[in-house]
Amino acid sequence: MAEHGTTPPGDGTTPVEGAGSALRRALLRRVLPAAAAAGLGITGVAGVAQGAASNAPRTAPADFPTWGTRWVVHAGVDTRSPAVGMINTSGPGRDRITADYQVDTGHRVCEGSACSTFMAHITGPVKGFLTVVAVAIPQDRLPGIPVHGGQPPQQPGSSRQEMLARAATWLTADNGAQVPYSQAKVWKDGYRQDCSGYVSMALGLPTPGTNTVGLASDRGLTRPIALGALRGGDLLIDATGDNNNRHVVIFEKWNDAAHSSYTAFEQRGGHGTDHRSLTYGLPGGDAEFTPYRPVAFGD
């Protein structure tokens with residue numbers, strides 16, 4: 001369902017200055033020096049049979065940028081398997097990859113502060129398996145890409161920290177700018193570019209995402225909570241009306257001890273992804289908004 005075509009009430013509040021750039025600096029990976037990258041600089045991924053996911057079903061692929069130089073693409077889900085190509089951000093046409101699924105190998109691969117147990121099956125610019133550490137994203141797996149085989153991973157978005165990190169990625173996903181708002185389009189990761197599509201992405205729900213009514217009414221996804229119980233990753237939802245005035249935002253933190261406003265992530269009409277101060281659902285704010293907690297948090 002397409003929805004949220006207009007800017008909801010309260011959108012005139014002051015944005016949080018510099019929040020997007022600060023988050024981006026905190027989450028971007030360090031660039032690999034060529035000398036250190038010559039051996040990949042990562043621990044070997046062992047114990048997974050070469051080609052273990054070769055028969056995994058395919059899905060719609062998505063493109064992701066890479067970082068650093070000399071990332072080896074392997075024939076199987078094991079960094080000791082034969083090389084079939086190389087990803088290099090300085091090589092034209094080889095600074096992005098197209099992935100259609102990923103495998104949780106159960107073995108941790110690290111470079112600097114970035115770690116992951118996942119290897120992505122890529123179809124371009126070469127075909128094979130690449131550690132997710134090579135991809136310029138602030139999480140340990142590819143958002144919106146299904147997982148096949150290997151060890152069962154934690155459900156994406158099942159921790160508050162992970163959900164907020166995923167929400168922050170859309171602040172700079174459009175070549176350093178926020179993802180544009182649209183009721184009709186989907187972003188490169190497969191999620192709708194409206195508010196509920198954005199929240200679905202942050203929660204790791206199946207693409208293209210559920211709608212605002214579903215986020216509020218499906219007790220397999222959320223449950224109502226008290227306003228004072230809000231914690232990072234909880235939602236404030238206005239599910240009434242039509243697709244031009246329903247809205248959902250992701251609560252991050254209270255701005256003061258009096259709980260007079262809070263900082264939130266949202267995908268809003270006329271702007272796109274935003275990270276700013278809001279009063280939806282608070283006394284004096286838009287009373288149509290109700291707080292909910294994603295059940296994936298387990299509390």
Tell me whether the rings of His259 and Trp254 are parallel (<30°), tilted (30 to 60°) or perpendicular (>60°). parallel
Under 3.5 Å donor-acceptor, Thr279 side chain and Leu282 backbone: no
Connected via hydrophobic side-chain network under 4.5 Å: Val84 and Val132: yes
With no hydrogens and no angle check, just 3.5 Å: does a side-chain donor-acceptor pair link Asp63 and Thr98? yes
What heavy-atom pair brings Leu221 and Gly214 nearest, and what distance separates the two atoms? CD1-O, 4.1 Å
pair Ile87-Pro125: side-chain heavy atoms closer than 4.5 Å: yes
Taken to the nearest 0.5 Å, the spacing of Leu130 CG from His121 NE2 works out to 11.5 Å
So which heavy atom on Arg141 is nearest to which on Ile137, and how close? O-CD1, 3.0 Å
Kindly indicate whether the side chain of Trp187, heavy atoms from C-beta on, has any atom under 4.5 Å from the side chain of Met201. no
Distance (rounded to the nearest 0.5 Å) between His247 NE2 and Thr212 OG1: 8.5 Å
Quick one: does Arg192's side chain have a donor or acceptor within less than 3.5 Å of a partner on Thr210's backbone? yes
Is it the case that more than 12 heavy atoms not belonging to Lys253 sit under 6.0 Å from its NZ atom? no
At what distance, to the nearest 0.5 angstrom, does OG of Ser277 lie from CD of Glu252? 11.0 Å
With no hydrogens and no angle check, do the side chains of Asn255 and Ser261 hold a donor and an acceptor under 3.5 Å apart? yes
Kindly say whether Ala202 contributes a backbone atom to a donor-acceptor pair with the side chain of Glu162 at under 3.5 angstrom? no
Can you tell me how far CZ of Arg268 sits from OH of Tyr198, rounded to the nearest 0.5 angstrom? 12.0 Å
Given side chains that start at C-beta, do those of Thr290 and Ile237 come closer than 4.5 Å, heavy atoms only? no
Pair Leu205, Leu215 - check side chain to side chain contact (heavy atoms under 4.5 Å, CB included), show working. CA-CA 11 Å; Leu205 301 180; Leu215 288 171; 4.1 Å; yes
Let me see the working for Arg96 and Ile122 under side chain to side chain contact (heavy atoms under 4.5 Å, CB included), right down to the final yes or no. CA-CA 10 Å; Arg96 296 186 67 87; Ile122 67 174; over 6 Å; no
Which distance, rounded to the nearest 0.5 Å, do you find between the CG of Asp174 and the NZ of Lys188? 6.5 Å
List the steps, then state whether side chain to side chain contact (heavy atoms under 4.5 Å, CB included) holds for Leu230 with Leu236. CA-CA 9 Å; Leu230 282 166; Leu236 287 109; 4.0 Å; yes
CZ of Phe297 to OG1 of Thr222, rounded to nearest 0.5 Å, is 11.0 Å
Closest heavy-atom pair, Pro294 versus Leu235, reported as atoms and distance to 0.1 Å, is CG-CG, 4.4 Å
Can you confirm whether Leu203 sits close enough to Met163 that some side-chain heavy atom of one is under 4.5 Å from a side-chain heavy atom of the other? yes
In terms of hydrophobic clustering (I, L, V, M, F, W, Y; side-chain heavy atoms under 4.5 Å; direct or indirect links), are Phe64 and Val186 co-clustered? no
What are the two closest non-hydrogen atoms of Arg219 and Val295, and how far apart are they? O-CG1, 3.7 Å
Assigning hydrophobic clusters by single linkage (Ile, Leu, Val, Met, Phe, Trp, Tyr; side-chain heavy-atom cutoff under 4.5 Å), is Val126 placed with Leu142? yes
Please identify each residue that fulfils ring-ring contact (aromatic ring centres under 6.0 Å, His included) with Tyr191, with sequence neighbours left out. none
Applying side chain to side chain contact (heavy atoms under 4.5 Å, CB included) to Glu111 and Trp71, what does each step give before you reach the verdict? CA-CA 11 Å; Glu111 177 56 43; Trp71 289 104; 4.3 Å; yes
Tell me whether Tyr262 contacts the main-chain N or O of Tyr280 through its side chain, where contact means a donor paired with an acceptor under 3.5 Å. yes
Can you name the nearest heavy-atom pair linking Asp234 to Ala229, along with the distance? OD2-O, 3.9 Å
In terms of relative ring orientation, are Phe265 and His275 parallel, tilted or perpendicular, with 30° and 60° separating the classes? parallel
Within the distance-only criterion (no hydrogens, no angle test), does the side chain of Arg166 pair as donor or acceptor with the backbone N or O of Gln139 below 3.5 angstrom? no
With distance as the sole criterion, is a donor-acceptor pair present between the side chains of Glu266 and His271 under 3.5 Å? no
If you take all heavy atoms of Arg246 and Thr240, which pair is closest and at what distance? CG-O, 3.0 Å
Could you tell me if the side chain of Thr207 sits less than 4.5 Å from the side chain of Asp189, heavy atoms only? no
Can you tell me how the ring of His148 sits relative to the ring of Tyr101, calling it parallel under 30°, perpendicular over 60° and tilted otherwise? perpendicular
Between Thr117 and Asp104, is any side-chain donor less than 3.5 angstrom from a side-chain acceptor? yes
A side-chain contact here means heavy atoms from C-beta on lying under 4.5 Å apart; do Arg231 and Arg293 qualify? yes
